[in-house]
Structure formats: C-alpha cells, structure tokens
Amino acid sequence: MCANLLSSTPFSTIIAPADFTRSLPPTHSARLQLSSFTRYPSGFKLATYRPLNLRFSSTMALQNQCENSSCSQDSLFYSRAFWVTKSIIAWNVGGGEDECYLYASRKAALCVDDDGIQGHDVKIKLERTNYGLPQQVIEKFPHIRDYAAFEVPKTLDFQSLVKCQLAVGIFNSDGKCASATGLQLPGILDELFSYTGPLGAIFATEAVSLYLWAPTAQAVQALIYKSPSEVDPVEIVQLKELDGVWSAKGPRHWEGCYYVYEVSVYHPSTLRIEKCVSNDPYARGLSADGKRTLLVNLDSDDVKPEGWDNLQHEKPKLLSFSDVSIYELHVRDFSANDPTVPHEFQGGYLAFTLQDSAGVQHLKKLSSAGVTHVHLLPTFQFAGVEDEKDKWKHIDIEILNSFPPDSEEQQALITSIQDEDGYNWGYNPVLWGVPKGSYASNANGPCRIVEFRKMVQALNRIGLRVVLDVVYNHLNASGHIDDFSVLDKIVPGYFLRRNVDGGIEHSTCVNNTASEHFMVERLILDDLKCWAVDYKVDGFRFDLMGHIMKRTMLKAKSLLNSLSTENNGVDGSSIYIYGEGWDFGEVANNGRGINASQFNLFGSGIGSFNDRIRDALLGGSPFGHPLHQGFVTGLYLEPNGHDLGDEANVKRMLTVSTDHIQVGMAANLKDFVLTNCDGQQVKGSDVLLHDGKPVGYASSPIETVNYVSAHDNETLFDIISLKTPKDISVEERCRMNHLATSIIALSQGIPFFHAGDEMLRSKSIDRDSYNSGDWFNRLDFSYNSNNWGVGLPPKEKNERNWPLIKPRLADPSYKPQKSHILAAVENFLNLMQIRYSSPLFRLRTANSIQERVRFHNTGPSWIPGLIVMSIEDGHQEVPGLSQLDPIYSYIVVIINPCPTDVSFANPALREKSLQLHPVQMNSIDDVVKNSTYDASSGCFNVPARTTSVFVEPR
C-alpha cells in the first residue's frame with residue numbers, strides 16, 4: 001500500500017483508518033506532507049497528502065542495503081528502542097544470551113549490513129537486566145511496560161551522545177545482526193535536560209537575551225533582520241550552549257527587529273544532520289508571512305492600549321464558576337458580513353471595539369441578560385489562512401446569491417478557493433503564543449498584539465469575559481522543511497508523540513504533541529501564563545483535552561489560580577478552564593499515562609463537555625444516522641419515518657434518553673440519586689450509555705459543560721430541520737430550537753451555547769464548516785436572515801447526506817422569517833434572565849444539588865417525554881436547608897417536547913404558591929403564557945413544545 005501511495009499522482013487522497021500513518025515507516029511518513037485534514041473521532045480521517053522532494057539518496061541506498069540484510073525488518077528507518085533514563089534503554093526484543101550494543105555517529109553515517117551497524121563513532125555494549133523496567137519508567141511510558149531493559153554504562157558522555165544519530169543492534173550467538181533500530185530520546189532528555197529557566201527573548205534595560213532549549217542540536221545561530229522582508233540578515237549570532245540551553249546576548253536596539261534560528265540537528269525523518277530554519281517556539285510576535293519572529297517586549301507601553309494595566313479592576317464580577325455561561329464565537333464570523341462595521345475592521349479584532357455595530361449591540365444584549373463569557377475559536381497563529389489579506393481570493397457575492405437554495409454551484413465556487421481565502425476555524429496550530437495576524441489590520445510589527453488587547457478590553461467593558469480556545473494537542477506541521485514546522489525542527493522527535501515504531505501519532509488530526517514530556521508540558525504552562533498575564537484573558541477551552549495528561553491540566557489549573565492582581569495584574573482564581581474530555585486514540589484508557597478524560601477529571605474542578613445530554617436531546621450521535629431522532633426532535637412523539645424498531649423499542653429509547661437528560665440537568669453528577677425510568681433509585685453513574693459507560697461522571701457542577709450544539713457538526717436549527725418530520729411547520733421547528741436551548745440554560749452546571757443558536761443560525765446543513773468560507777458561516781446581527789438555503793453544503797463532508805438535505809433546502813417553508821429570528825432572540829434572552837434571576841439555577845456544590853433538585857415525572861407510569869424538575873430553597877431561621885434566594889423559595893421547571901398540551905399532577909407539588917415566572921409572563925411568547933398551575937390539585941398544564949418555569953415568591 002505504501003509503494004502505491006508514493007508512486008501515485010502528485011496529490012493523492014486516501015481514506016484510511018486513523019492508525020494508517022502509524023503503520024508507515026518514519027521515512028515514508030517524512031515523504032508525505034499533510035496538506036489538509038479532518039478529525040473523525042469515530043476512527044477515520046480524510047487526508048490529502050503531498051509527496052515532498054526530500055534528499056533521500058543516502059537513505060534510499062541504505063534502505064536497499066537493509067532489504068538484503070537480516071536486520072532489514074528492524075532497520076534504522078524505525079525508532080523502536082527507547083532511551084528511557086540515563087542508565088536504561090528499553091527495547092521489545094526476546095530473551096536469550098544475545099549481545100546488544102549502542103551505536104552513535106555525530107555525522108549521521110550509520111548503516112546496517114549482515115555484520116551489524118557500520119559508520120559509528122562510538123560502540124557501547126549494553127547489559128540486559130533480569131528485572132524489567134523500573135516502576136517510575138512504566139508510569140512515564142506505560143505503553144512499553146513489557147519491554148526488556150538494557151543497562152547503559154554510567155561513565156558515558158550523555159550530553160554529547162544525544163546529539164548524534166543513535167541506534168541499537170542485537171546479535172545472536174554466531175555474531176549475525178538479529179535486529180537493529182533507532183532510538184526515541186524523550187526519557188533521557190527529560191532526566192538530563194529538564195529546565196525551568198528563561199526561554200525566548202528576554203528584555204533587560206540595556207540588552208536583549210535569547211534562550212533556546214535544544215539539547216540535541218550540534219550548533220545554533222540566530223539570524224537578525226531589520227525588517228520582515230529584508231533578504232540578508234544584519235547580524236548572525238552564534239549561540240552558546242549550557243546544559244542543553246543555547247543563549248546569546250544582544251543590544252537593546254534589537255527590539256523591533258526580526259529573527260530566525262538556524263539549528264544544526266540530527267533529524268530522524270531523514271536520518272541526516274539537517275540545518276533547520278525555524279521561528280522561536282517562544283515567539284511573541286511574527287512577520288506577516290509567519291517566517292520570522294518579531295523581537296517584541298509585551299511589557300512595553302508602546303503595545304498597551306490606554307488603560308490596559310488597570311483592566312483587572314474593570315472586569316465584570318464573577319463570584320463563582322457556577323455563575324459562568326459561555327457563548328462560543330469565531331472572530332471572523334462575528335463581523336465579516338456586518339455592514340455596520342467599517343470594511344477595514346470586518347473579520348478582525350477591532351470589530352469588537354465598535355460600540356454601535358450590530359454585532360456589539362447583540363453582545364450587549366447577551367451580557368445584560370446574564371451571559372458571562374465569550375469563547376473565541378483559535379486566535380493563536382495557525383495555518384490555513386494567509387496573514388496578508390491582499391493574497392486572499394474572493395467569490396462575488398452577487399454570483400453566489402443568484403443560485404437556487406439547493407444548488408451545488410455555491411459550494412463548488414467556495415471550495416475552489418477554500419485554501420486561499422480568509423477563512424478557517426484555526427485548529428491548525430503553528431505557534432501557540434502569538435495572536436493570529438489575519439485578524440489584525442497589519443500583520444507585521446506589534447499591531448496584532450495591540451489590537452488583540454483592545455478586543456479583550458472592549459469585551460470586558462461590556463460585561464463579557466474572554467475565553468481562548470487553545471489547541472495544545474497537536475501541531476499543523478512536522479519535519480525539517482515545512483515553514484509551519486517549528487518544534488520538530490528544534491528538538492526533532494521530542495515534542496511530538498510517537499508510536500512504538502517511531503512514527504508520529506496522528507489520532508487528533510495530525511502531529512500529536514506529547515504533554516507527558518517535561519518540556520512540552522512546560523511550554524503549555526508558559527503559554528497559558530502568557531495569555532493570562534500579558535493578554536488578561538479569563539478562561540481557556542482545551543481542544544481534545546483528553547489527549548493532554550491530567551497532570552498537565554492540574555498544573556495548569558494550579559498555575560493560573562496562583563496568579564494575583566498584586567503580583568501579575570490579574571486574578572487567576574477567576575480563570576475558568578474546560579475542554580473536550582474525549583478518550584480515544586493512543587491515549588485511551590490511560591495508554592500514555594493518566595489523561596484528562598471525562599472520568600479521570602472527577603474531583604479536579606476542570607470542566608468537560610457533556611456529550612450525553614447533547615446526544616439525548618438531538619438523537620443518536622454526530623457520527624450516527626442523521627435521521628435518528630432524540631428528545632427534542634420528535635423521538636416516539638413525532639416519528640420521521642426512520643426505522644428505529646417497533647413502538648415499544650422507540651418508547652424505551654425516549655425513556656432512557658430522558659434519564660440521560662435528567663442526569664445532565666443535575667450537572668451530570670456521578671453520585672446524584674434519582675428515580676430512573678424503571679422506578680429504581682440509582683446514581684448518575686448507574687445510568688448507562690449504549691456502550692455500558694456511565695452517564696454521570698462529574699463531582700461538582702463546574703466540572704460539567706452542558707451543550708446541545710457547538711462549532712463542530714450541524715447547527716442546532718439545521719440538525720432539528722434534518723431530523724424532524726417534513727410536514728411540521730417552521731414555527732414548530734423554531735419552538736424545538738428554543739426547547740433545546742432552554743434545557744441547557746436551566747440545567748445545573750455550566751451552560752454553553754454556539755453563536756447563533758439564539759438566532760436560529762443555519763450553515764445550510766453543513767456538518768463541518770471549518771473551511772467553508774464566510775458564505776456558509778455567516779452570522780446576521782440585523783436578524784434579517786439565518787443563512788438557511790444558501791446552497792448544498794460542501795461536497796467533501798456532506799455529499800452522502802445531499803439526498804436528505806436537498807429537498808429541505810429547496811422547500812421555502814423551511815426558511816425562518818425575520819419575525820421567527822426576532823422571537824428566538826427574545827426567547828433566548830428571557831431564558832438567560834430566568835437563569836440569573838435565582839441562584840437556585842446555579843448551585844455551587846454537588847451536595848446542594850442532591851438536597852434541592854428533584855425530578856417528578858419518573859418511573860414506569862410517567863407521561864412520555866415530560867420532564868418536571870423542582871428546586872427547593874430553605875427559609876431563614878428554619879431548620880433544614882439554608883436560604884440561598886431572597887426572592888423565590890421554590891421553582892418548578894416543566895419541559896414539554898410533545899406536539900400537544902400536557903397536564904401533570906403530583907401530590908408533592910400541591911398547595912404551593914407557584915406562578916409563572918415574571919419574565920415569561922412579560923415575554924412576547926404568547927404560548928408560554930397559557931401555562932397554568934392549580935394549587936389544590938398540584939396540577940400543571942404546559943403548552944406543546946414549551947418550557948415553563950413556575951416560581952414561588954417569598
């Protein structure tokens with residue numbers, strides 16, 4: 001398969017299992033540059049590979065030689081041995097009396113023949129031990145726990161050896177080479193070179209110092225340029241090494257100049273000593289083309305907006321993380337199509353500073369209603385969008401508008417320029433610590449820094465805290481040539497997680513990073529501190545957090561919490577962190593150490609996305625059949641014709657989904673006790689998913705981020721339009737949209753909303769719009785359109801669903817009118833006002849939730865689909881529950897997904913002084929005003945597809 005792939009056309013598209021590239025020898029992986037990718041957590045990825053023109057003459061000769069050697073199956077193309085500590089090399093070879101040797105070549109001249117490994121400068125005999133790997137090694141490298149351990153002599157010059165090409169060979173009794181392989185070095189590098197001193201560019205009164213951690217480098221020099229485009233450097237500075245750290249000191253007038261490092265280092269992807277030209281991993285500024293690091297001092301007054309140092313005192317108050325609510329937004333989506341924003345600000349940081357724009361006015365409404373945080377999709381330096389706007393390509397909007405709503409033409413035009421326009425979500429990290437240049441008015445110089453700070457300042461001043469989406473689990477590029485490769489040029493083979501053959505793991509997308517390695521973890525922590533202190537951001541969302549070690553996440557939480565206004569200018573105790581705790585790939589089941597998965601984060605105070613409530617509400621999963629219905633999309637109550645089995649089975653699915661939702665509404669607590677659909681008293685962890693895993697996993701409400709839609713997959717309105725029966729009205733779909741949002745808004749835990757959920761946002765049913773341009777990702781804050789019916793979504797990710805999508809887009813009855821959008825916005829604002837009208841919706845502890853939250857329509861005799869939740873408060877000077885709410889003593893939330901009105905009576909709810917919440921009484925939604933409660937019978941009547949909130953005033 002490899003040979004066919006490599007000999008194919010210049011661009012080869014393959015669909016392969018996620019571990020396909022792991023099966024390639026590292027040399028083959030090196031010859032394939034990933035030019036585009038898609039994440040499929042279900043285990044497959046679609047990738048386009050571009051063969052690279054690398055210099056493989058000596059390598060290919062070596063390969064031919066190895067193919068005729070008894071060692072060829074374990075040649076130097078692989079790195080199957082692990083130098084785990086200074087004194088131990090681990091290798092998965094059989095027992096016996098065979099002799100094992102370590103070889104080193106400073107010029108990378110090693111080759112293999114029948115007599116062994118040739119071309120070495122050093123040959124060292126290793127001794128096999130009989131006791132296996134030590135426990136501390138197994139804890140650090142659990143995936144090689146059963147490997148044999150070989151002792152390394154203690155007298156070696158380790159600092160020199162790690163700079164060489166290294167290999168081990170094992171020989172049988174007749175002296176023939178039985179096996180040979182290269183080495184993976186993270187273990188010994190961590191033991192010998194873990195470093196906590198300065199890194200990057202450090203500014204003093206009269207000097208600028210450069211520090212680079214590169215223990216395997218043979219030489220490092222810095223090339224200093226006066227400008228981003230000057231061809232020749234004004235200065236070439238040789239850095240000196242001390243214990244793996246290279247440094248140089250220069251004059252203060254370097255500030256404002258640009259530089260790159262030239263690193264001479266052995267690279268396992270080519271088996272050669274390469275001269276790698278790279279940015280500084282600790283870069284804080286960049287040139288517009290992203291190829292040079294800007295020497296910029298973030299503490300300089302020149303890069304601070306007016307009032308920046310006092311921003312901490314202007315930030316909106318946050319008493320508890322339980323008060324957090326999150327609105328997820330893409331920087332470009334926010335203003336790229338907003339005519340109230342000047343053209344030069346559209347799609348950029350400065351659009352957030354315009355107080356009178358339609359978008360900012362909308363954010364002010366959200367803030368006034370109670371939303372606390374805006375989560376920005378990646379804003380660090382990422383690949384996929386040129387920072388220089390004059391390089392972007394565009395499609396005439398009038399041409400796009402001329403096509404029918406179900407046409408293929410729009411997507412064909414958009415995808416023809418999708419890698420050359422100004423749009424990408426940004427999950428293609430190049431440098432974690434630099435703001436993305438394409439969002440700035442000038443990508444050269446410090447402009448991106450100043451404008452990013454102005455954005456944070458402006459959002460804080462309208463009452464919104466700022467969350468950054470950080471992607472520490474992978475990098476866009478690797479190898480010694482790619483302009484976007486940085487870390488893999490500085491210390492090749494260290495920063496990226498490798499499999500047991502030495503190939504780079506790609507389960508996240510591509511180029512997985514290895515936070516289990518000390519200096520990778522340190523880089524992550526340093527980067528977080530930079531964003532928190534130097535940019536004063538208020539939270540972090542960790543992409544694919546499960547691929548990061550739990551230890552790293554706990555250190556991150558501790559580091560951020562230690563920041564103080566007095567010492568750092570920020571209150572770190574108010575910085576909230578959360579992420580995707582999915583457990584898959586090589587890290588699954590703690591395969592590389594205890595990872596930050598949903599279950600492992602129990603008790604950490606770190607939030608993770610609750611996919612259980614999402615799937616129960618919508619139906620199926622994002623990777624299942626698109627017509628699989630859920631609680632709010634008509635499961636059992638309004639079948640859409642998709643076969644889910646007989647009526648009894650479908651009804652059972654609804655009852656089970658309701659249990660999942662109720663656990664989620666109780667903050668998805670592991671130990672929350674409720675009555676399940678079978679009438680049994682169970683804990684949240686006893687309620688199971690289809691695969692037998694527990695639904696409840698959290699220890700406290702702040703560990704659960706409840707959501708029904710996000711940037712991934714279809715928008716809420718789109719998935720409702722896809723799953724519901726064709727014969728219902730757009731008004732009914734709008735009510736379903738509101739119903740889903742209401743469950744998230746009124747649940748315990750942290751509510752999370754995708755930008756546009758409140759405006760019926762559509763992407764024309766695009767399931768993955770990461771590279772679908774402004775056209776499919778448009779937001780309209782004038783509320784004139786929700787972007788429904790702008791053509792069939794891009795073929796690459798959606799073609800198999802086109803037969804389902806096309807008739808829906810073509811049907812004009814599916815498209816909401818402005819009145820529907822305005823009503824949706826008003827209803828969303830009402831929900832947030834209700835959430836923040838009482839602390840009972842935002843309980844702070846698991847114990848409070850267990851004591852106060854009850855579900856009443858439970859057990860076998862339940863009314864299908866109806867959820868009835870009560871929240872009880874105490875009374876001052878009355879034994880029992882403490883009083884939390886000075887206004888309301890009791891709240892009942894009734895969620896009716898049925899297409900008809902529903903009545904529900906419960907003796908436990910009799911003789912209450914309940915009334916419809918005043919926000920709903922005064923809302924523009926006339927339907928909810930028909931909700932009633934009769935105290936004598938404890939009977940509630942709730943209209944179809946409606947969430948009604950009843951409160952008992954004190």
Side-chain angles (χ1 to χ4, degrees), residues 76 78-93 99-106 108 110 117 120-170 180-197 199 212-218 241-246 265-268 490-498 500 502 514-523 549 551 592-593:
L76 306 187
Y78 297 90
S79 296
R80 289 174 168 160
F82 296 72
W83 201 338
V84 291
T85 72
K86 185 170 65 172
S87 59
I88 297 174
I89 289 175
W91 193 9
N92 191 25
V93 288
E99 293 187 339
C100 186
Y101 293 90
L102 169 67
Y103 300 86
S105 169
R106 190 169 178 84
L110 297 182
I117 298 177
H120 52 81
D121 305 318
V122 177
K123 177 181 178 182
I124 302 148
K125 187 173 184 181
L126 307 176
E127 297 295 334
R128 183 193 293 265
T129 69
N130 296 320
Y131 43 79
L133 296 174
Q135 186 58 35
Q136 72 270 20
V137 170
I138 293 173
E139 289 176 2
K140 187 174 177 68
F141 303 104
H143 59 301
I144 60 168
R145 63 175 60 247
D146 297 324
Y147 280 31
F150 294 85
E151 287 188 341
V152 181
K154 298 178 181 179
T155 57
L156 300 179
D157 181 357
F158 298 102
Q159 294 202 11
S160 296
L161 282 174
V162 298
K163 299 179 184 300
C164 300
Q165 181 188 19
L166 298 169
V168 288
I170 195 163
T181 188
L183 276 80
Q184 298 187 37
L185 303 182
I188 187 174
L189 296 183
D190 278 354
E191 180 179 355
L192 294 181
F193 301 103
S194 292
Y195 171 74
T196 58
L199 288 170
L212 179 70
W213 186 78
T216 62
Q218 296 184 1
E241 184 189 13
L242 178 63
D243 296 331
V245 177
W246 298 79
V265 64
Y266 171 73
H267 209 292
I490 303 297
V491 191
Y494 176 82
F495 287 95
L496 302 180
R497 186 178 290 135
R498 300 163 76 187
V500 293
S515 68
E516 60 270 27
H517 302 161
F518 183 90
M519 295 301 289
V520 181
E521 179 179 84
R522 183 192 160 176
L523 178 55
M549 294 300 108
R551 178 194 70 183
R592 292 301 181 98

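Only this structure's heavy atoms are used, side chains among them; waters, hydrogens and symmetry mates stay out.
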Any side-chain donor near an acceptor of the partner, T196 and R522, under 3.5 Å: no
Approximate separation, where rounding is to 0.5 Å, of I88 CD1 and F82 CZ: 14.5 Å
Nearest-0.5 Å distance that lies between atom CG in L126 and atom CD1 in I170: 9.5 Å
Side chain to side chain contact (heavy atoms under 4.5 Å, CB included) assessment of H120 paired with R106: CA-CA 8 Å; H120 52 81; R106 190 169 178 84; over 6 Å; no
Crowding at CG, D157 (>12 non-hydrogen neighbours, <6.0 Å): yes
Side-chain heavy-atom pair W91, L183 within 4.5 angstrom cut-off: no
Side-chain touch L192/P215, heavy atoms, less than 4.5 angstrom: no
Hey, can you pull the donor-acceptor pairs under 3.5 Å for the side chains in residues 141-156, sequence neighbours left out?
unit_1, atom_1, unit_2, atom_2, d
R145, NE, P142, O, 3.4
E151, OE2, Y131, OH, 2.6

Ring geometry between W83 and F158 (parallel below 30°, tilted from 30 to 60°, perpendicular above 60°): perpendicular
Rounded distance [0.5 Å steps], CG in L166 versus CD in Q184: 12.5 Å
Verdict with reasoning, I124 to Y101, per side chain to side chain contact (heavy atoms under 4.5 Å, CB included): CA-CA 5 Å; I124 302 148; Y101 293 90; over 6 Å; no
Taking every non-hydrogen atom, the tightest pair across L110 and A167: CD1-CB, 3.8 Å
Qualifying salt bridge (charged side-chain N to carboxylate O under 4.0 Å, His left out) pairs, either residue in residues 127-140, two or more places apart: K140-D190
CH2-CG distance between W213 and L189, expressed to the nearest 0.5 angstrom: 5.5 Å
By side-chain hydrogen bond (donor to acceptor under 3.5 Å, both in side chains) - contacts of K123 (at least two apart): none
Minimum side-chain heavy-atom gap C164-S105 below 4.5 Å: no
CA sep, side-chain torsions, deciding dist, call: S79, R498, side chain to side chain contact (heavy atoms under 4.5 Å, CB included): CA-CA 9 Å; S79 296; R498 300 163 76 187; 3.2 Å; yes
Side chain proximity check, T216 to I490, heavy atoms < 4.5 angstrom: no
M519 side chain reached by Y494 side chain, heavy atoms, under 4.5 Å: yes
Heavy-atom side-chain proximity of T181 to V168 below 4.5 angstrom: yes
Side-chain touch R497/E516, heavy atoms, less than 4.5 angstrom: yes
Distance-minimising heavy-atom pair for W246 and A214: NE1-O, 2.8 Å
Euclidean distance, L161 CG relative to L102 CG, rounded to 0.5 Å: 6.5 Å
Side-chain donor or acceptor of Q218 paired with backbone N/O of Y266 under 3.5 Å: no
4.5 Å side-chain heavy-atom contact, N92 and V500: no
